[in-house]
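Structure, as structure tokens:
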Amino acid sequence: MTTTTTLAQVYREHPIHLRDIIPLDFNSIRSVPDSHVWPISDDFSSDHQLMVPIIDLKDPNAVKLVGHACETWGAFQVINHGIHLNLLEEVESEARRLFSLPTQTKMKALREPAGATGYGLARISPFFPKYMWHEGFTIMDSPTDHARALWPTDNARFCDVIERYQKQMKVLAEKLTDLILESLAIFREDLNWDVGSPSTALQLNSYPPCPNPNRAMGLAPHTDTSFLTILYQGSISGLQIFKQGAGWISMLPVTGALVVNVGDLLHILTNARFPSVLHRAVLNQEGSHRLSVAYFYGLPVECSVSPLLKLLDSGENPRYRPVTVKEYVDIKSKYFGEPLTSIRI
């Protein structure tokens, strides 16, 4: 009998030192400690006319619009996506309830060094010289065990909201995947994805009010390992994407909209036609407590990914060698800065 490797099991092979997991007690901090001081950034885009595409999924031209946004931006926002605003607000409310718990309570769900789920700093923390003004809560599959640690007798509401959100996000992720594939004139039958279930994760992000937001970083610049990521960012701005030739551009919130961005796996599949967009989170200047919820949709762990030959232009060669999702996660866990370089042909 063949056992299927899960994404959580893959991450267990790359433990993180405990010091890179435990967040600050943000409620007790009155100034930004040196461990969290970043250089002041002056690299914002000055072109306010540049705006990331907003795509109505009910638009008859949605396929074309999605493909163009993936190719030119690596990101877009979607409306009329089928996720009710009430559910988005419920998820944000439950995330706020979680991160508002006392520090000693949140620590009961602290992620283990070899763990992939629970409370703690972002997994990218060890790759940067300074820590980020951020705390996260990662969920893969059921949220029940960690929820019981946080709320021994009052976890049903949290679990219900999270599980409903996960189910609807999976449906939306599959719909977006089909739209993206259709924009490339390819179909799932062209791909060897029938080797297990998609690897997914839900990430709740908290960016507490900061005494000096100009000197701290919410989440450092990075790309996502996933095929695609769907983000709900509420009403408080902070997300920025990097566009070649323009610099960092703020992804302004739109009520009820969801942000979609290309991940590394989709970048590889399209032979770099779709950029795996570099993005970061800067801190809110008004002292608000910003929250976001990211749904990472990936391919099965045993799935092999490589540039599709039918997407290559005449005379164009593949840029990347075939790599399984597991192997790529392994590579990125070791060589975070240049994981694609190591599989480049």
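- A donor atom on one side chain and an acceptor atom on the other are found under 3.5 Å apart for Y328 and D264.
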task: Before giving the answer on ring pair (Phe, Tyr, Trp, His ring centres under 6.0 Å), spell out for F128 and F336 the whole-Å C-alpha distance, their side-chain angles and the decisive distance to 0.1 Å.
output: CA-CA 10 Å; F128 296 92; F336 177 80; 5.8 Å; yes

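- In H68, the NE2 atom is not crowded: 12 or fewer heavy atoms of neighbouring residues, nucleotides or ligands sit closer than 6.0 Å.
- Here the side chain of S93 pairs no donor or acceptor atom with the backbone of E89 at under 3.5 angstrom.
- Under the 3.5 Å distance criterion, the side-chain polar atoms of E302 are left unmatched by any main-chain donor or acceptor of K326.
- Using cut-offs of 30° and 60° for the angle between ring planes, the W133 and H36 rings count as perpendicular.
- The line from CG of N261 to OG of S226 is 6.5 Å long, rounded to the nearest 0.5 Å.
- Between W73 and I241, the closest side-chain pair of non-hydrogen atoms falls below 4.5 Å.
- Rounding to the nearest 0.5 Å gives a distance of 11.5 Å between CE of M169 and OG1 of T229.
- Here the CG atom belonging to N317 is positioned 8.0 Å from the CG atom belonging to L312, to the nearest 0.5 angstrom.
- The heavy-atom pair separating Q77 from L252 by the smallest distance is NE2-O, 2.9 Å.
- Of the charged side-chain nitrogens involved, none lies within less than 4.0 Å of a carboxylate oxygen, so that K64 and D59 do not count as a salt-bridged pair.
- Of the candidates R164, R157, H84, R164 is the only one forming a side chain to side chain donor-acceptor pair (under 3.5 Å) with E90.
- E327 and R321 are joined by a salt bridge, as a carboxylate oxygen and a charged side-chain nitrogen come within less than 4.0 angstrom of each other.
- By the 6.0 Å contact criterion, CD on Q244 is open, its count of non-hydrogen atoms from other residues, nucleotides or ligands being 12 or less.
- Two residues are said to be in side-chain contact when any heavy atoms from C-beta on lie closer than 4.5 Å; R188 and L181 meet this criterion.
- Here the side chains of L340 and H267 are in contact, with some heavy-atom distance below 4.5 Å.
- The backbone N or O of R290 sits nowhere less than 3.5 Å from a side-chain atom of S288 that would complete a donor-acceptor pair.
- Using a 4.5 Å cut-off between side-chain heavy atoms of Ile, Leu, Val, Met, Phe, Trp and Tyr, with links allowed through other members, L202 and Y11 fall into the same hydrophobic cluster.
- Separation of atoms CZ (F274) and CG (L269) is listed at 9.0 Å; rounding is to 0.5 Å.
- Formation of a donor-acceptor pair under 3.5 Å by the D224 side chain with backbone atoms of L265 is not found in this model.
- No side-chain donor from either of K130 and S125 sits under 3.5 Å from a side-chain acceptor of the other.
- By the 4.5 Å heavy-atom criterion applied to side chains, T223 and V277 are not counted as neighbours.
- You'll find the side chain of I230 stays beyond 4.5 Å of the side chain of V259, heavy atoms only.
- The two atoms that bring C70 and F76 nearest to each other are SG-CE2, 3.7 Å, heavy atoms only.
- For the pair L172 and L57, the minimum side-chain heavy-atom distance is below 4.5 Å.
- Aromatic ring pairs are classed by plane angle as parallel below 30°, tilted from 30° to 60° and perpendicular above 60°; the pair F158 and W151 is tilted.
- Rounding to the nearest 0.5 angstrom, the gap separating the CG atom in L228 from the CD atom in E174 is 10.5 Å.
- Side-chain contact check for Y165 versus L88: some heavy-atom pair is nearer than 4.5 Å.
- A side chain to side chain donor-acceptor pair (under 3.5 Å) with Y119 is found for one member of H146, K108, E135 and no other, namely E135.
- The backbone N or O of F99 lies less than 3.5 Å from a partner atom in the side chain of K106, making a donor-acceptor pair.
- H222 places a side-chain N or O within 3.5 Å of a backbone atom of A220 that can act as its donor or acceptor partner.
- Between atom CD1 of residue I16 and atom CZ of residue R123 there is a gap of 3.5 Å, rounded to the nearest 0.5 Å.
- Residues L98 and L150 are in side-chain contact: their nearest non-hydrogen atoms beyond the backbone lie under 4.5 Å apart.
- No chain of hydrophobic side-chain contacts below 4.5 Å, direct or via other Ile, Leu, Val, Met, Phe, Trp or Tyr residues, connects L239 to Y297.
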message: If you apply the rule side-chain contact (heavy atoms from CB on, under 4.5 Å), what do you find for N205 with V293, and how did you get there?
response: CA-CA 6 Å; N205 297 306; V293 183; over 6 Å; no

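- The nearest pair of heavy atoms linking T103 to D25 is OG1-OD1, 2.9 Å.
- Listed for the W38 side chain is a donor-acceptor partner under 3.5 Å among the backbone atoms of Y131.
- In terms of modelled atom types and a separation under 3.5 Å, the side chain of E92 and the main chain of G234 share no donor-acceptor contact.
- For the 3.5 Å distance criterion, the side chains of S206 and H134 fail to qualify, holding no donor opposite an acceptor.
- With respect to the salt-bridge test (charged N to carboxylate O, under 4.0 angstrom), the residues D330 and K334 do not qualify.
- Salt bridge annotation for K167-E163: absent, with no cationic side-chain nitrogen under 4.0 angstrom from a carboxylate oxygen.
- Hydrophobic clustering (ILVMFWY, side-chain heavy atoms < 4.5 Å, transitive): M140 and L121 are in distinct clusters.
- Using modelled atom types, no side-chain atom of S333 and backbone atom of H14 make a donor-acceptor pair closer than 3.5 Å.
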task: For ring pair (Phe, Tyr, Trp, His ring centres under 6.0 Å), just list the numbers for F227 and W193, CA-CA rounded to whole Å, side-chain angles, deciding distance to a tenth of an Å, and then say yes or no.
output: CA-CA 12 Å; F227 187 79; W193 289 1; 5.4 Å; yes

